[in-house]
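Working notes for the structure below.
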Amino acid sequence: MFNKTSNFFFQKYGDTYTTLPVDASEYPKEILQIDNKEVSTAFYNEDDIYIYVDEGIVMLCISKENQSNTYEQFVIHHTIRLKKHSYFNFFAISETATVSIYKRHENVVTIKRINGEPIFCKRILPTVSVKEILVYYYQVKNTNYVFAGETHPYWELTFIDSGQLITEVEGKEYYLNQYDCMLYSPGQFHSQKTSDKDACSYLTVIFETTDFPADLLNNKVFHASRGIINTLQEFINATERKDPFYKDLCICYLNEVIIQFLQLQSTKTIKPAYSPMQQKIEDELLNEIIIYINDNIYSPITVEQLCHEFSTSRSSLQQLFNKNLNTAPKQYISHLKLKKAKYLIKENKYTISEISEKLGFTSIHYFSRKFKQEFNLAPSDYAKTIYK
């Protein structure tokens with residue numbers, strides 16, 4: 001999440017104003033054109049200065065120590081005053097930008113070299129980009145089906161809905177079972193066949209990309225998490241719609257699936273339910289528990305209480321939450337209460353102490369510690385960011 005200069009954290013460096021708070025005749029203006037995305041030098045101000053963005057979106061990079069690892073970044077919002085003795089520079093978030101710097105004397109600002117590595121602008125750029133979906137189809141193949149194989153200059157996704165598919169890629173056989181996925185990269189020869197015991201139903205999507213970290217996806221079998229299965233279902237639903245922008249939805253869902261595959265490289269796979277019926281039972285139970293937690297959010301809620309209320313063991317409850325929500329019950333309850341605390345702080349009807357007591361925390365100190373662990377900000381400081 002980006003911080004703006006109106007954010008509480010910027011106060012150690014300066015202030016934000018809606019208009020220039022000084023006489024412009026006493027602070028001559030210097031206009032600076034910006035198009036860079038990295039900096040290795042910084043401006044240093046011996047006196048307070050004022051900055052206003054005339055055009056574009058600008059990220060301020062600022063520190064009090066001039067060590068590259070101490071610089072913080074803030075999107076400039078309105079007119080800002082920089083306190084003296086700050087090291088700073090700018091990035092253009094938009095393609096280009098123009099900044100006005102108001103300073104009392106010409107030599108107030110000097111240029112210093114940043115100690116350490118160059119600093120780069122925080123940018124949100126895609127690493128996965130599906131350019132076009134060429135074909136997609138759902139197939140059901142009987143036992144002993146054989147596809148001799150092919151190669152083509154596109155990516156191909158195979159997702160097994162049921163049964164088993166045996167695929168050979170670059171001379172190596174892979175066994176894909178229910179909820180397994182595999183990606184064939186452009187130019188990879190691949191063949192497919194079913195076993196002599198079970199039929200197989202699977203989804204195939206052939207697509208083209210503009211950018212792709214192919215080395216992370218080649219020659220790997222992915223066991224789909226519940227999230228991937230849900231996203232693929234959304235993809236299938238989108239392909240059957242004909243309302244405006246349904247094609248864009250298909251592209252978005254396929255992008256999301258690929259991203260989740262990449263995330264599986266570094267995160268633990270959440271296995272899906274063993275059967276649709278079992279998943280339905282788990283969904284209903286989990287939904288009842290979540291409703292119960294929400295209904296009792298203002299009361300102390302323990303794992304033991306949930307086990308008693310829903311006639312389940314502690315280990316079964318832990319497994320239910322870990323599998324479907326990727327968190328433990330205790331952490332889920334805490335997270336929900338702290339989210340409610342943020343909402344109550346925004347309402348501005350209760351004191352921090354009253355909110356802590358209202359949500360069933362044992363003490364305001366424990367509440368403050370948990371809030372800061374969750375949101376990296378104390379409750380009182382969070383209130384300041386809202387009501388400043």
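Computation of the quantities below employed the complete heavy-atom set of this structure, encompassing side-chain atoms and omitting hydrogens, waters and symmetry-equivalent molecules.
Distance check: Leu60 CG to Phe74 CZ gives 8.0 Å after rounding to the nearest 0.5 Å. The distance from the NZ atom of Lys29 to the CG atom of Asp54 is 5.5 Å, given to the nearest 0.5 Å. With rounding to the nearest 0.5 Å, the separation of CD in Glu156 from OG1 in Thr204 is 5.5 Å. A distance of 9.0 Å separates CG of Asn255 from OG1 of Thr127, quoted to the nearest 0.5 Å. Atom CZ of residue Phe159 and atom OH of residue Tyr138 lie 8.5 Å apart, to the nearest 0.5 angstrom. Rounded to the nearest 0.5 Å, atoms CD1 (Ile289) and CG (Asn294) are 12.5 Å apart.
Judged by distance alone, with hydrogens and angles left aside, the side-chain atoms of Ser368 form a donor-acceptor pair with the main-chain N or O of Ile364 at under 3.5 Å. Remark: side-chain polar atoms of Thr194 are paired, donor with acceptor, to backbone N or O of Asn144 under 3.5 angstrom. Under a 3.5 Å cut-off, the side chain of Ser94 and the backbone N or O of Ala97 do not form any donor-acceptor pair. The backbone N or O of Lys122 lies less than 3.5 Å from a partner atom in the side chain of Gln73, making a donor-acceptor pair. Listed for the Asp48 side chain is a donor-acceptor partner under 3.5 Å among the backbone atoms of Lys84. Under a 3.5 Å cut-off, the side chain of Asn45 and the backbone N or O of Lys83 do form a donor-acceptor pair. Checking side-chain atoms of Thr231 against main-chain N and O of Gly227 turns up a donor-acceptor pair under 3.5 Å. One N or O on the side chain of Thr167 and one on the backbone of Ser191 form a donor-acceptor pair closer than 3.5 Å. Distance alone, capped at 3.5 Å, places no donor-acceptor pair between the Glu208 side chain and the Pro153 backbone.
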Could you walk me through whether Tyr87 and Asn115 pass the side-chain contact (heavy atoms from CB on, under 4.5 Å) test, one step at a time?
-> CA-CA 11 Å; Tyr87 297 90; Asn115 296 319; over 6 Å; no
Go through the steps to decide whether Leu306 and Ile333 satisfy the test side-chain contact (heavy atoms from CB on, under 4.5 Å), and finish with yes or no.
-> CA-CA 11 Å; Leu306 293 178; Ile333 295 166; 3.9 Å; yes
Please test Val205 against Val257 for side-chain contact (heavy atoms from CB on, under 4.5 Å), starting from the C-alpha separation and ending with a verdict.
-> CA-CA 12 Å; Val205 186; Val257 168; over 6 Å; no
Tyr13 vs Phe88, ring pair (Phe, Tyr, Trp, His ring centres under 6.0 Å): CA-CA, chis, key distance, verdict | CA-CA 10 Å; Tyr13 299 115; Phe88 65 95; over 10 Å; no
Step-by-step side-chain contact (heavy atoms from CB on, under 4.5 Å) determination, Phe367 to Ile355 | CA-CA 9 Å; Phe367 166 67; Ile355 291 171; 4.1 Å; yes
Could you walk me through whether Ser315 and Ser313 pass side chain to side chain donor-acceptor pair (under 3.5 Å), step by step?
-> CA-CA 5 Å; Ser315 60; Ser313 67; 3.3 Å; yes
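Using bins of under 30°, 30° to 60° and over 60° for the plane-to-plane angle, the ring pair Tyr50/Tyr17 lands in the tilted bin. The aromatic rings of His190 and Tyr184 sit parallel to each other, their planes meeting at less than 30°, with 60° as the upper class boundary. Using a 30° and 60° split on the angle between ring planes, Tyr136 and Phe235 fall in the perpendicular class, above 60°.
With Tyr298 as the aromatic partner, Lys358 meets the cation-pi criteria of under 6.0 angstrom to the ring centre and within 45 degrees of the ring axis. In this structure, Lys342 forms a cation-pi arrangement with Phe375, its terminal cationic atom sitting closer than 6.0 Å to the ring centre and no more than 45° off the ring axis.
You'll find the side chain of Asp161 stays beyond 4.5 Å of the side chain of Tyr202, heavy atoms only. For the pair Thr209/Lys131, no side-chain contact is recorded, criterion being any heavy-atom separation below 4.5 Å from C-beta on. Residues Thr79 and Thr19 have side chains not in contact (no heavy-atom distance under 4.5 Å, counting atoms from C-beta outward). Contact check for Ser86 versus Lys64: side-chain heavy atoms found under the 4.5 Å cut-off. Side-chain contact between Tyr174 and Asn219 is present, with at least one heavy-atom pair separated by less than 4.5 Å. Residues Leu377 and Phe9 meet the side-chain proximity criterion, which asks for heavy atoms closer than 4.5 Å. Phe207 has its side chain within reach of Ile258: a pair of non-hydrogen atoms, C-beta onward, lies under 4.5 Å apart. Between Ile124 and Phe2, the closest side-chain pair of non-hydrogen atoms falls below 4.5 Å.
The environment of NZ in Lys330 is sparse: at most 12 heavy-atom neighbours from other residues, nucleotides or ligands sit within 6.0 Å. Residue Glu55 qualifies as open at atom CD: its count of foreign heavy atoms under 6.0 Å is 12 or below. Residue-environment remark: NZ (Lys4) stays at or below the threshold of 12 foreign heavy atoms within 6.0 Å. Surrounding CZ of Phe245 are at most 12 heavy atoms belonging to other residues, nucleotides or ligands under 6.0 Å away. Summarising the local packing, CD of Gln373 is surrounded by more than 12 heavy atoms from other residues, nucleotides or ligands at distances under 6.0 Å. By the neighbour-count criterion of 12 heavy atoms within 6.0 Å, atom NZ of Lys193 is sparsely surrounded, having that number or fewer from other residues, nucleotides or ligands.
Considering every non-hydrogen atom in both Asn296 and Tyr292, the closest pair reads ND2-O, 2.8 Å. Of all heavy-atom pairs spanning Ile229 and Ala224, the tightest one is CG1-CB, 3.8 Å. When all heavy atoms of Arg104 and Glu26 are compared, the pair lying nearest together is CG-O, 3.6 Å. Annotation for Gln188 and Leu183: closest pair OE1-O, 4.2 Å, computed over non-hydrogen atoms. Residues Ala328 and Asn322 approach most closely at N-OD1, 3.6 Å, considering heavy atoms. The two residues Tyr52 and Tyr102 make their nearest non-hydrogen contact at CB-CE1, 4.3 Å.
Both Ile345 and Leu336 sit in one connected hydrophobic cluster of ILVMFWY residues. Membership requires side-chain heavy atoms under 4.5 Å apart, directly or through other members. Phe10 and Ile119 fall into different hydrophobic clusters, defined by Ile, Leu, Val, Met, Phe, Trp and Tyr side-chain heavy atoms under 4.5 Å apart, directly or through other members. A continuous path of ILVMFWY side-chain contacts below 4.5 Å connects Ile111 to Ile101, so both sit in one hydrophobic cluster. Phe90 and Ile57 fall into different hydrophobic clusters, where Ile, Leu, Val, Met, Phe, Trp and Tyr are joined by side-chain heavy atoms under 4.5 Å apart, directly or via other members. Under the 4.5 Å side-chain heavy-atom criterion for ILVMFWY residues, a single connected hydrophobic cluster contains both Tyr253 and Ile236.
No side-chain donor-acceptor contact under 3.5 Å links Asn107 and Glu46. Using modelled atom types and a 3.5 Å distance limit, the side chains of Thr41 and Lys112 yield no donor-acceptor pair. No side-chain N or O of Ser6 forms a donor-acceptor pair with one of Thr16 less than 3.5 Å apart. A side-chain donor from one of His85 and Tyr44 sits under 3.5 Å from a side-chain acceptor of the other. There is a side-chain donor-acceptor pair under 3.5 Å between Tyr71 and Asn66. Side-chain atoms of Asn230 and Glu234 include no donor-acceptor pair closer than 3.5 Å.
Taking the charged nitrogens against the carboxylate oxygens, Glu374 and Lys337 have no contact shorter than 4.0 Å, which rules out a salt bridge.
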